[in-house]
Amino acid sequence: MNQYKKVSFYTLGCKLNFSETSTIARQFVDAGFARVDFFDRPDIYVINTCSVTDNADKKCRQLVKKALKVNSNAQIVIIGCYAQLKPDEIASIEGVDLVLGANEKFNVIEHLEKLEGKAAERGKVEAIEIKQTKHFVPSYSYGDRTRSFLKVQDGCDYFCAFCTIPLARGFSRSETIENTLKIAREVAATDVKEVVLTGVNIGDFGNGGDENFYGLVQVLDEVEGIDRYRISSIEPNLLSDEIIQFVSSSKRFAPHFHVPLQSGSDKILKLMRRRYERSLYADRVRSIKQRMPDACIGVDVIVGFPGESDEDFLDTYQFLNDLDVSYFHVFTYSERDNTTAIRMTDVVPMDVRNKRSKMLHILGEKKKRAFYSTQEGKIARVLFESEEEEGMMYGFTENYVKVKFPYDEQLVNRFADIRLTQTDRDGVMKAELIAVVPDNKILA
């Protein structure tokens, strides 16, 4: 293969996908390829897909068409969850050359080399059954954003009724703490200052063995060169008091938790095959707030799940209204092939789903503004990002308050102590600069 070809990457979906795309991109660069922008006429496109919603599937098709318009001769490779779930469907998309499943996606270059001299062969599929995918491949993102997404776990054993992720990523698996620590030190050797721990079900790290997520965060907290960690989405039944207590007194872990709820109705939680009741969720929120009053708590919630009556939805609405949480991610239930939920009766009409979604979006915005109002006048530490928009730059405090400030190139990827002043009409906090934190200073 000509090692001086140009390659472009596009990622759909979650933080986990971003970490994997970045790792695969480094493989290409190390092999002599030039990584270029999507519109810079690359010879190869690698599209990393999601399949959480129907929209992600459609987005993949749109990207293939867009890529062909840029370079009709480009080779197009599709990887990710959609590629594992529906490889033949993707292979039939005009212009797709190669579809790689979960077990094969980290060997893109090798599979492309096998295609050389086979220009007429398009839509080739390389995918094995997901239950045979047992190897864990460490990944982290670098160069795409100010922060890095560090993959510490993959797969899931939970099989919730609405979810295709176990079918797309396989059983729960992870590396040892020792090997995860090696990857974290690689990240620490870069100019990255904030690391987000990510996975499908990160609280399941160690998967019932001698090691667990609590042990992992304790070790990572001692890594020099990483100033701040965030824990991405963690199941409420796996968010132990030990973890909460540790974060409250740790050197580098941010007081920010994203804890999926999905429903505030115990009846619906049972139908969803979730592993907790809402009383446990409320207990986790109380535990966090008792130890870290300024902590930010995000919530995932699904509306319109089969069997969700008006009463069930109002239970969820009232439960969320009463919870001391900071923001919502609201998902409208969508039918997914090969899930338990798709066979359920008592389907909620789409117009009702949309109405409920709108109600929770409004409530979520109120919650966010209420949380931000509690932060006005306080001093916080923000990590500024590189994007500039209408003369402003943005960043996040340790407790995930989004801050805006007049753009200053010298502040990019720098920590600064600021005083939060007021929330603007877009739901972003304005701030006054107190002091820029010197590089290499470990946060207290």
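What you see is a predicted model, and the numbers here were worked out from it, not measured in a lab.
- Leu63 CG to Asn48 CG: the interatomic distance, rounded to the nearest 0.5 Å, is 11.5 Å.
- Between Asp337 and Lys86 a salt bridge is recorded (basic side-chain N to carboxylate O distance below 4.0 Å).
- One finds the CZ atom of Phe149 at 9.0 Å from the OG atom of Ser232 (value rounded to the nearest 0.5 Å).
- Considering OG of Ser334 and CD1 of Ile342, their distance stands at 9.5 Å, rounded to 0.5 Å.
- Taking each heavy atom of Leu411 and Val436 in turn, the nearest pair found is CD2-CG2, 3.5 Å.
- Side-chain atoms of Ser326 come within 3.5 Å of backbone N or O of Ile297 as a donor-acceptor pair.
- Side chain of Asn212 to main chain of Gly215: a donor-acceptor pair is present (N/O by atom type, distance under 3.5 Å, no hydrogens or angles).
- A donor-acceptor pair shorter than 3.5 Å can be found between the side chains of Glu89 and Tyr82.
- No side-chain donor from either of His135 and Asn103 sits under 3.5 Å from a side-chain acceptor of the other.
- Using a distance-only test at 3.5 Å, with no hydrogens or angles considered, a donor-acceptor pair links the side chain of Asp221 to the main chain of Arg252.
- Counting heavy atoms from C-beta outward, Met393 and Glu409 have side chains that stay 4.5 Å or more apart.
- No side-chain heavy atom of Pro138 sits less than 4.5 Å from a side-chain heavy atom of Lys151.
- Pairing each heavy atom of Gln153 with each of Val200, the nearest pair is OE1-N, 3.0 Å.
- Note that the CZ atom of Phe305 and the CG atom of Leu271 stand 6.0 Å from one another [nearest 0.5 Å].
- Side chain of Asn207 to backbone of Ser174: no donor-acceptor contact under 3.5 angstrom is found.
- Counting heavy-atom neighbours within 6.0 Å of Glu388 CD, excluding the residue itself, gives a total above 12.
- Contact annotation: the side chain of Ile76 approaches that of Leu68 to within less than 4.5 Å [non-hydrogen atoms, C-beta and beyond].
- The two residues Glu194 and Val192 make their nearest non-hydrogen contact at O-CG1, 3.3 Å.
- Using a 4.0 Å cut-off between charged side-chain N and carboxylate O, Glu390 and Lys404 make no salt bridge.
- When the shell of 6.0 Å around NZ of Lys6 is examined, it contains more than 12 heavy atoms from other residues, nucleotides or ligands.
- Taking the charged nitrogens against the carboxylate oxygens, Asp408 and Arg414 have no contact shorter than 4.0 Å, which rules out a salt bridge.
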Using the rule given for salt bridge (Lys or Arg N to Asp or Glu O under 4.0 Å), can you reason through Asp241 versus Arg291, listing the C-alpha separation, both sets of side-chain angles and the distance that settles it, and then say yes or no? CA-CA 10 Å; Asp241 269 328; Arg291 294 174 171 88; 3.6 Å; yes

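- Checking Arg26 against Ser22 by side-chain atom types alone, a donor-acceptor pair falls below 3.5 Å.
- Annotation: Lys267, atom NZ; neighbour count of heavy atoms from other residues, nucleotides and ligands within 6.0 Å is above 12.
- Minimum heavy-atom separation, Leu261 to Arg274: O-NE, 4.4 Å.
- Under the 4.5 Å side-chain criterion, counting only non-hydrogen atoms from C-beta, Ile79 is in contact with Ile24.
- Using modelled atom types, no side-chain atom of Ser141 and backbone atom of Phe18 make a donor-acceptor pair closer than 3.5 Å.
- Within a 6.0 Å radius of CG in Asp351, more than 12 heavy atoms belonging to other residues, nucleotides or ligands are found.
- Arg173 places a side-chain heavy atom less than 4.5 Å from the side chain of Thr133.
- Nearest approach of Gln75 to Asp97, heavy atoms of both residues: CA-OD2, 3.2 Å.
- At a threshold of 4.5 Å between non-hydrogen side-chain atoms, the residues Leu360 and Phe313 count as touching.
- At most 12 heavy atoms of other shown residues, nucleotides or ligands fall within 6.0 angstrom of atom NZ in Lys15.
- Between Ser287 and Arg284, the side chains place no donor N or O within less than 3.5 Å of an acceptor N or O (distance only, hydrogens not considered).
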Sequence neighbours excluded and cut-off under 3.5 Å, please list the side-chain donor-acceptor pairs for residues 394-401, or say none.
from	atom 1	to	atom 2	distance (Å)
Thr397	OG1	Asn399	N	3.4
Thr397	OG1	Asn399	OD1	2.6
Thr397	OG1	Tyr400	N	3.4
Thr397	OG1	Val401	N	3.0
Glu398	OE1	Arg381	N	3.0
Asn399	ND2	Asp294	O	2.9
Asn399	ND2	Gln375	OE1	3.0

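- In this structure, Arg35 is not positioned above the aromatic face of Phe28 in the sense of NZ or CZ being under 6.0 Å from the six-membered ring centre and within 45° of the axis.
- Counting heavy atoms from C-beta on, the side chains of Asp227 and Val437 never come closer than 4.5 Å.
- Rounding to the nearest 0.5 Å gives a distance of 6.5 Å between CG of Leu363 and NZ of Lys367.
- Aromatic ring orientation, Phe246 versus Tyr214: perpendicular (interplanar angle above 60°, classes split at 30° and 60°).
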Could you give me the CA-CA distance, side-chain angles and deciding distance for Tyr281 and Leu269, then say whether side-chain contact (heavy atoms from CB on, under 4.5 Å) is met? CA-CA 11 Å; Tyr281 194 96; Leu269 287 174; over 6 Å; no

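- Ionic pairing of Glu20 and Lys105 is present here: one or more N-O contacts between side-chain nitrogen and carboxylate oxygen are shorter than 4.0 angstrom.
- Distance check: Arg228 CZ to Ser250 OG gives 11.5 Å after rounding to the nearest 0.5 Å.
- Using a distance-only test at 3.5 Å, with no hydrogens or angles considered, no donor-acceptor pair links the side chain of Asp315 to the main chain of Ser265.
- The aromatic rings of Phe159 and Phe171 lie perpendicular to each other, with more than 60° between the two planes, well past the 30° mark.
- Partners of Tyr10 by ring-ring contact (aromatic ring centres under 6.0 Å, His included), not counting sequence neighbours, listed by chain and number: Phe38.
- For Arg169 and Gln84, the side-chain atoms include no donor-acceptor pair closer than 3.5 Å.
- Using modelled atom types, no side-chain atom of Lys378 and backbone atom of Leu420 make a donor-acceptor pair closer than 3.5 Å.
- Side-chain polar atoms of Asn201 and Ser172 form no donor-acceptor pair below 3.5 angstrom.
- For Asp310, the side chain to side chain donor-acceptor pair (under 3.5 Å) partners at least two apart in sequence or on another chain are Arg356.
- For the pair Leu238 and Gly203, the tightest heavy-atom approach, listed with the atom from each and the gap, is CD1-C, 3.5 Å.
- Taking 4.5 Å as the limit, some side-chain heavy atom of Tyr142 sits within range of a side-chain heavy atom of Asp191.
- Without hydrogens or angle criteria, Tyr333 side chain to Phe162 main chain gives no donor-acceptor distance under 3.5 Å.
- Between the side chain of Gln318 and the backbone N or O of Leu314, no donor-acceptor pair lies under 3.5 Å.
- Atom CD of Glu365 has more than 12 neighbouring heavy atoms from other residues, nucleotides or ligands inside a 6.0 Å radius.
- With no hydrogens or angles considered, a side-chain donor-acceptor pair links Asp312 and Ser309 at under 3.5 Å.
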Do Leu100 and Phe106 pass the side-chain contact (heavy atoms from CB on, under 4.5 Å) test, and can you show the C-alpha distance, the side-chain angles, and the key distance before you say yes or no? CA-CA 9 Å; Leu100 300 179; Phe106 287 99; over 6 Å; no

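- Annotation: cation-pi pair Lys66/Tyr45 absent, no NZ/CZ under 6.0 Å from the ring centroid and within 45° of its normal.
- Of the possible polar contacts, one joining the Tyr229 side chain to the Leu220 backbone as a donor-acceptor pair under 3.5 Å is found.
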